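Written below as structure tokens is the structure these notes are about.
These figures come from a predicted structure and were not determined experimentally. Within every chain, numbering begins at 1; the chains are lettered A, B, ... in the order of the sequence lines, protein sequences first and strands thereafter.
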Amino acid sequence: MVPTAKPADPKTPVDAASAWDDLDPGLLSNQLVAWFQGARRDLPWRHELSAYRVWLSEVMLQQTQVSRVVGYFERFVARFPTVQDLAAADEDEVLSLWSGLGYYSRGRNLHKAAKAVVANHGGVFPTTAEALRTLPGVGEYTAAAVASFAGQQRVAVVDGNVVRVLSRLLNEDRAVQLPETKASLARSATILVDAAADAALHNEAMMELGALVCTPRRVDCAGCPWRTACLARSAGTVSARPVKLKARARTHLRLACIVVDVGGLVYLERRGSTGLFGGLGEPITAAMGDGDDVEAVWHTLCVERGISPPLRFTSPIVVERTLTHRELRFEVTMVQSSSAPSPPSAPSPQIGVADAGVFDDDALLTIGLSSAVRAVLAAARSPRLL
DNA sequence: AAGACGGGGCC
DNA sequence: GGCCCAGTCTT
């Protein structure tokens, strides 16, 4: 549920309310928006606030920095000017344009949502938070953002920037991951947006403040429109906010990998549509245990696919990539084969091969590949992919 | 309520 | 090279 201006819930704790006894939300919003008028960045998705473009940019911006998104956004709107264009595309093309952006379920859900808008909304992109929330890949934050920026609904938009800004303004000392803290901060966001003259402008300004001034590090308190009101600033706790719970440890994953060359073409399989790198292409890949002998695993993988293992494998090329919670270690060999491998009839559960094929270098650019696989292919055969 | 899910930039 | 950042969906 997006926070709304409903009467106070009787179960609402008093914590957030008490902090607001000494703060004036109308004044704060005016100060914030005045600052924003001078600081607003010119970003491509701000040129035309259609629901389609706002939605596309917000999905790309989930868990992703603005600087990463700009180029991807430009390529998407150039190729898919309307939601109908996106809905009519092949998933492969969508994923190939998404390649490198990460969190690939976003790309698959983007395509599904476009199809749903065409099928269920007559191709007219919804602009109410309630209708947006039913689209795949659109959660609380994205629904509120599109409803506010493109639909002019008075809803609070709460992303990580807003959480950081509010946790400092209010000097929140509880961990921001806790449901109670999130709810409390959302109530504060609603108090502010309800007092704003222009809710959309206020919401945009909140996020811009978090992106440009109230940043995770190197905070620019001197340039902040809220420097006199900020409770963390007066308490000297700015750099200690927001409070976060300890992150989980990273796990290691060893992967046996074979790049098969079939007369100059590279053989790729498609991963199953769920889980890590879902729906993307990859060379023959299998998870290994710590003590496994990579040559033995390579041998098995060849036999499973009906190609003859070489008498002697080329020694492993090691490609390592670090993800947020995993360290991937690909141990790669190259094999020449006169015939295309056939995907195993009983795919290993780690991989879940859906289909497969051989590709030349140009065709490689038309399917979705993770950055990790691009690095593997570049190391094995084709520097063009770097 | 907790875990899975990428990738890059900053220090 | 370690640390930090940031929404949605699934279980």
field: Given DNA chain C, 5'-ward residue of the pair A:Gln65 and A:Asn109, judged by closest heavy atom
entry: A:Gln65
In whole angstrom, what separates [X]'s [atom1] from [N]'s [atom2]?
{"X": "A:Leu253", "N": "B:dC5", "atom1": "CG", "atom2": "P", "result": "10 Å"}
{"X": "A:Leu110", "N": "C:dC9", "atom1": "CG", "atom2": "C1'", "result": "16 Å"}
{"X": "A:Lys112", "N": "C:dC9", "atom1": "NZ", "atom2": "P", "result": "10 Å"}
{"X": "A:Arg321", "N": "C:dG1", "atom1": "CZ", "atom2": "C1'", "result": "15 Å"}
{"X": "A:Arg108", "N": "C:dC9", "atom1": "CZ", "atom2": "C1'", "result": "11 Å"}
{"X": "A:Glu180", "N": "B:dA1", "atom1": "CD", "atom2": "P", "result": "10 Å"}

Hey, is the side chain of [X] poking within less than 4.0 Å of OP1 or OP2 on [N], counting only N and O atoms?
{"X": "A:Tyr103", "N": "C:dC9", "result": "no"}
{"X": "A:Ser371", "N": "B:dG7", "result": "yes"}
{"X": "A:Thr142", "N": "C:dT8", "result": "yes"}
{"X": "A:Arg218", "N": "B:dC11", "result": "yes"}
{"X": "A:Arg217", "N": "B:dC10", "result": "no"}

- line: Separation between CG (A:Leu56) and CG (A:Leu110), nearest 0.5 Å, reads 6.0 Å
Would you mind classifying the nucleic acid contact of [X] as base, sugar-phosphate or nothing, using non-hydrogen atoms under 4.0 angstrom?
{"X": "A:Arg326", "result": "sugar-phosphate"}
{"X": "A:Lys244", "result": "sugar-phosphate"}
{"X": "A:Val59", "result": "nothing"}
{"X": "A:Gly278", "result": "nothing"}

task: Name the residue closer to the 5' end of DNA chain B, choosing between A:Tyr104 and A:Leu178 according to the nucleotide with the nearest heavy atom.
output: A:Leu178
query: After noting the C-alpha distance and the side-chain angles of A:Phe277 and A:Leu369, does the key distance pass the side chain to side chain contact (heavy atoms under 4.5 Å, CB included) rule?
result: CA-CA 8 Å; A:Phe277 303 135; A:Leu369 301 174; over 6 Å; no
query: Between C:dC5 and B:dC5, how far is it from one C1' atom to the other, in whole Å?
result: 15 Å
Among the nucleotides [options], which one has an atom lying closest to any side-chain atom of [X]?
{"X": "A:Leu323", "options": "C:dG7, B:dC5, B:dG7", "value": "B:dG7"}
{"X": "A:Arg68", "options": "B:dG8, C:dC5, C:dG7", "value": "B:dG8"}
{"X": "A:Glu140", "options": "B:dG7, C:dC5, C:dT8", "value": "C:dT8"}
{"X": "A:Ser370", "options": "B:dG7, C:dC5, B:dC5", "value": "B:dG7"}
{"X": "A:Phe277", "options": "B:dG7, C:dG7, C:dC4", "value": "B:dG7"}
{"X": "A:Arg164", "options": "B:dG8, C:dC5, B:dA1", "value": "C:dC5"}

query: Parallel under 30°, tilted from 30 to 60°, perpendicular over 60°: which one fits the rings of A:Phe125 and A:Tyr52?
result: tilted
field: Member of A:Arg326, A:Arg254, A:Arg329 meeting the salt bridge (charged side-chain N to carboxylate O under 4.0 Å, His left out) criterion with A:Glu320
entry: A:Arg329
field: Whether A:Trp226 side chain and A:Leu28 backbone form a donor-acceptor pair below 3.5 Å
entry: yes
task: Check whether the side chain of A:Gln63 and the base of C:dG7 form a donor-acceptor pair under 3.5 Å.
output: yes
- prompt: With no angle test and no hydrogens, is the base of C:dG7 tied to the side chain of A:Thr64 by a donor-acceptor pair under 3.5 Å?
  reply: no
task: Decide salt bridge (Lys or Arg N to Asp or Glu O under 4.0 Å) for A:Glu140 and A:Lys182; before the verdict, give the C-alpha distance in whole Å, the side-chain angles of both, and the deciding distance to 0.1 Å.
output: CA-CA 12 Å; A:Glu140 182 86 22; A:Lys182 285 188 198 170; over 6 Å; no
